[in-house]
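Both counts, for ligands and for their atoms, begin at 1 and track the order of listing. The basis for the numbers below is simple: all heavy atoms, side chains too, and nothing from hydrogens, waters or symmetry mates. The first residue of the sequence shown is numbered 1, and numbering continues consecutively from there.
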Amino acid sequence: MKIIMLGAPGAGKGTQAKKIAAKYQIPHISTGDIFRANIKNGTELGMKAKAFMDAGGLVPDEITIGMLLDRIQEADCAKGCVLDGFPRTIPQAESLTKALKDMGESIDYAVNVDVPDESIIRRMSGRRACLACGSTYHIVYNVPKTEGVCDVCGQQLVLRDDDKPETVKKRLDVYHEQTQPLIDYYKKTGVLAEVDGTMDMEEVFQAIVRILGA
Ligand code: ADP
Ligand code: AMP
């Protein structure tokens with residue numbers, strides 16, 4: 001099963017993608033996590049991506065598309081995958097459609113997690129991230145067992161630089177301009193599924209499971 005998570009930054013795509021990956025036993029592929037891992041490891045790709053990410057913009061398609069297409073051809077994606085944060089532009093979506101077609105495959109579901117901008121600002125200012133293992137928490141809605149420490153790997157949690165309010169505003173503008181048009185793109189191909197992302201995390205997940213099937 002090949003699934004795409006659509007939605008604004010902070011809508012809960014990553015939270016739901018991790019739950020989907022666990023239930024359906026498919027890899028969770030987050031382009032944001034791949035970029036952050038590259039930044040942490042000081043790679044050339046990471047250095048290129050960092051400036052765009054810190055400014056709240058998108059990493060250019062020339063860098064992002066090849067990276068993602070390589071990843072989905074790895075062996076662990078044979079049974080499917082859940083893509084989180086990709087595609088974010090129409091050229092990314094078109095490249096993905098074409099690459100999958102060449103492999104004799106296609107996207108089964110594009111799940112749009114719908115959350116209004118007001119709630120996004122609240123969610124992102126409270127998000128705390130583990131840059132070591134990619135886990136995310138929220139200071140109100142998903143509190144770690146020990147404040148500031150990752151439940152999964154014990155590393156320190158941080159407020160991501162790009163989750164600071166001034167950058168969030170810019171990221172939302174970029175979302176509305178470049179990523180929101182993907183809702184129509186996937187509606188036209190008949191795979192769009194809409195979910196109300198304002199419910200609590202478990203209710204959102206149950207709504208997604210009703211769409212994907214048990
Ligand atoms: P995205 O991957 O779309 O950027 P995340 O999954 O990281 O978003 O969620 C953003 C923040 O909101 C995180 O701190 C997360 O714990 C929290 N969150 C996610 N889903 C919900 C929800 N349904 N209700 C409240 N908070 C949520
Ligand atoms: P995320 O973790 O999904 O919120 O992504 C964090 C940042 O990484 C984004 O604000 C972008 O700068 C960059 N990024 C992640 N995925 C993409 C993508 N598909 N295209 C371009 N930039 C991306």
Side-chain angles (χ1 to χ4, degrees), residues 4-21 28-39 45-46 48-69 71-72 82-96 111-131 134-144 150-151 157-164 167-175 177-179 182 195-208:
I4 289 172
M5 304 304 291
L6 295 176
K13 300 181 298 297
T15 300
Q16 297 302 327
K18 288 187 183 84
K19 289 162 95 58
I20 293 169
H28 164 213
I29 301 176
S30 155
T31 39
D33 282 353
I34 300 175
F35 287 134
R36 280 184 289 277
N38 274 276
I39 292 172
L45 176 78
K48 278 190 195 150
K50 189 175 186 327
F52 298 103
M53 292 170 75
D54 286 351
L58 295 182
V59 179
D61 286 345
E62 305 84 87
I63 299 176
T64 309
I65 292 173
M67 177 184 88
L68 186 280
L69 296 186
R71 177 65 188 89
I72 61 169
V82 49
L83 299 184
D84 160 19
F86 187 100
R88 260 178 157 102
T89 65
I90 292 284
Q92 289 182 14
E94 287 171 342
S95 305
L96 178 64
V111 178
N112 183 40
V113 183
D114 187 30
V115 175
D117 286 8
E118 310 81 78
S119 318
I120 294 288
I121 311 267
R122 198 166 45 244
R123 284 195 187 177
M124 287 170 88
S125 59
R127 171 159 63 185
R128 295 294 178 271
C130 174
L131 297 182
S135 298
T136 46
Y137 302 84
H138 191 280
I139 54 172
V140 178
Y141 307 120
N142 182 18
V143 183
C150 179
D151 291 351
L157 302 178
V158 296
L159 172 64
R160 277 167 41 183
D161 282 343
D162 61 347
D163 279 353
K164 294 183 177 147
T167 316
V168 169
K169 166 92 187 49
K170 162 84 174 143
R171 293 174 69 195
L172 275 172
D173 289 346
V174 169
Y175 166 74
E177 201 180 299
Q178 300 200 53
T179 309
L182 297 181
V195 172
D196 175 2
T198 62
M199 302 180 289
D200 77 37
M201 292 173 200
E202 198 44 46
E203 287 175 315
V204 176
F205 184 57
Q206 289 315 321
I208 293 175

Next item on the list: Collect the protein residues that have a non-hydrogen atom under 4.0 Å from ligand 2 and hand them over in chain and number order.
Entry: Thr31, Gly32, Phe35, Arg36, Met53, Gly57, Leu58, Val59, Thr64, Gly85, Phe86, Arg88, Gln92, Arg160, Asp162, Arg171
Notebook entry, point to check: Taking the side chain as C-beta and beyond, is there a heavy-atom pair between Lys19 and Glu202 under 4.5 Å?
Noted result: yes
Check: Just checking, is any N or O donor in the side chain of Asn142 or Thr15 under 3.5 Å from an acceptor N or O on the other one?
Finding: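 Note: Asn142 and Thr15 side chains miss the donor-acceptor criterion.
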Note to self: Tell me whether Gly7 reaches ligand 1 (any heavy atom closer than 4.0 angstrom to a ligand atom).
What the structure shows: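 It does not; every heavy atom stays at 4.0 Å or beyond.
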Next item on the list: Decide whether the shortest distance between a heavy atom of Gln16 and an atom of ligand 1 is less than 4.0 Å.
Entry: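 For ligand 1, residue contact (heavy atoms, under 4.0 Å) with Gln16 is absent.
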Notebook entry, point to check: What protein heavy atom is closest to atom 26 (N) of ligand 1, reported as residue, atom name and distance in Å?
Noted result: Tyr141 CD1, 3.3 Å
Notebook entry, point to check: Out of curiosity, Met53 CE to Arg160 CZ, how far, rounded to the nearest 0.5 Å?
Noted result: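 Interatomic distance, Met53 CE to Arg160 CZ, rounded to 0.5 Å: 6.5 Å.
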Next item on the list: Pick out which of Arg127, Arg128, Lys170 makes a salt bridge (Lys or Arg N to Asp or Glu O under 4.0 Å) with Asp163.
Entry: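 One option only clears the test, and that one is Arg127.
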Checklist line | Arg88 (side chain) donor-acceptor with Gly85 (main chain) under 3.5 angstrom | finding: yes
Notebook entry, point to check: What's the shortest distance from atom 18 (N) of ligand 1 to any protein heavy atom, and which residue and atom give it?
Noted result: Met201 CE, 3.5 Å
Notebook entry, point to check: Testing Leu157, Val158, Asp33 for side chain to side chain contact (heavy atoms under 4.5 Å, CB included) with Leu131, which one passes?
Noted result: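 Testing each of Leu157, Val158, Asp33 against Leu131, the sole residue satisfying side chain to side chain contact (heavy atoms under 4.5 Å, CB included) is Val158.
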Check: Is Thr15 in polar range of ligand 1, meaning some N or O pair under 3.5 Å apart?
Finding: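 Among all N and O atoms of Thr15, at least one is under 3.5 Å from an N or O of ligand 1.
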Margin query: Any nitrogen or oxygen of Lys13 lying under 3.5 Å from a nitrogen or oxygen in ligand 1? Just yes or no.
Written below: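 In this structure, Lys13 places an N or O atom under 3.5 Å from an N or O of ligand 1.
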Next item on the list: Considering only non-hydrogen protein atoms, determine which one is nearest to atom 23 (N) of ligand 1 and report residue, atom name and distance to 0.1 Å.
Entry: Met199 O, 2.8 Å
Next item on the list: Before signing off on this row, confirm whether Gly10 and ligand 1 have an N or O atom pair separated by under 3.5 Å.
Entry: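 N/O-N/O distance under 3.5 Å: yes.
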Next item on the list: Among Ile65, Asp61, Leu68, find the one that has a side chain to side chain contact (heavy atoms under 4.5 Å, CB included) with Ser95.
Entry: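 Answer to the side chain to side chain contact (heavy atoms under 4.5 Å, CB included) test with Ser95 among Ile65, Asp61, Leu68: Ile65.
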Check: Does the Lys50 side chain pair with the main chain of Phe35, one donor and one acceptor, at a distance under 3.5 Å?
Finding: no
Next item on the list: Report yes or no: does Gln178 contribute a side-chain atom to a donor-acceptor pair with the main-chain N or O of Ile90 at less than 3.5 Å?
Entry: no
Item checked: Heteroatom distance test (Pro9, ligand 1): nitrogen or oxygen, under 3.5 angstrom -> no
Note to self: For the CD1 atom of Ile39 and the CG atom of Asp161, what is their distance to the nearest 0.5 Å?
What the structure shows: 9.0 Å
Next item on the list: Determine the minimum heavy-atom distance between Lys18 and Gly134, stating which atoms define it.
Entry: NZ-O, 3.2 Å
Item checked: Shortest protein heavy-atom distance from atom 8 (O) of ligand 1, along with the residue and atom involved -> Gly12 N, 3.2 Å
Check: Hey, which atoms in ligand 1 end up nearer than 4.0 Å to a heavy atom of Ala8?
Finding: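 Numbered from 1, ligand 1 contributes 3 (O).
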Notebook entry, point to check: Is the shortest N/O to N/O distance between Gly126 and ligand 1 below 3.5 Å?
Noted result: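 No, there is no polar N/O contact under 3.5 Å.
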Notebook entry, point to check: For ligand 1, which atoms sit closer than 4.0 Å to a heavy atom of Tyr137?
Noted result: 13 (C), 14 (O), 16 (O)
Next item on the list: Measure the spacing between CD1 of Ile4 and CG of Leu96 and express it to the nearest 0.5 Å.
Entry: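 Answer for the CD1-CG pair, Ile4 versus Leu96, is 5.5 Å.
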Next item on the list: Look only at the side chain of Tyr141 and the backbone of Gly126, and say whether a donor-acceptor pair between them is shorter than 3.5 Å.
Entry: no
Margin query: Can you name the atoms of ligand 1, numbered from 1 with element, that are less than 4.0 Å from a heavy atom of Gly14?
Written below: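 Numbered from 1, ligand 1 contributes 1 (P), 2 (O), 6 (O).
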Notebook entry, point to check: Should Ser135 and Asp151 count as side-chain neighbours, where that means a heavy-atom distance under 4.5 Å?
Noted result: no
Checklist line | Residue selection (non-hydrogen contact nearest atom 5 (P) of ligand 1) among Glu202, Arg160, Arg127, Arg122 | finding: Arg127
Checklist line | For atom 22 (C) of ligand 1, closest protein heavy-atom neighbour | finding: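 The protein heavy atom lying closest is Arg123 NH2, 3.4 Å.
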Note to self: Heavy-atom pairs closer than 4.0 Å: do any link ligand 1 to the side chain of Thr198, the backbone, both, or neither?
What the structure shows: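 It is neither; nothing of Thr198 touches ligand 1.
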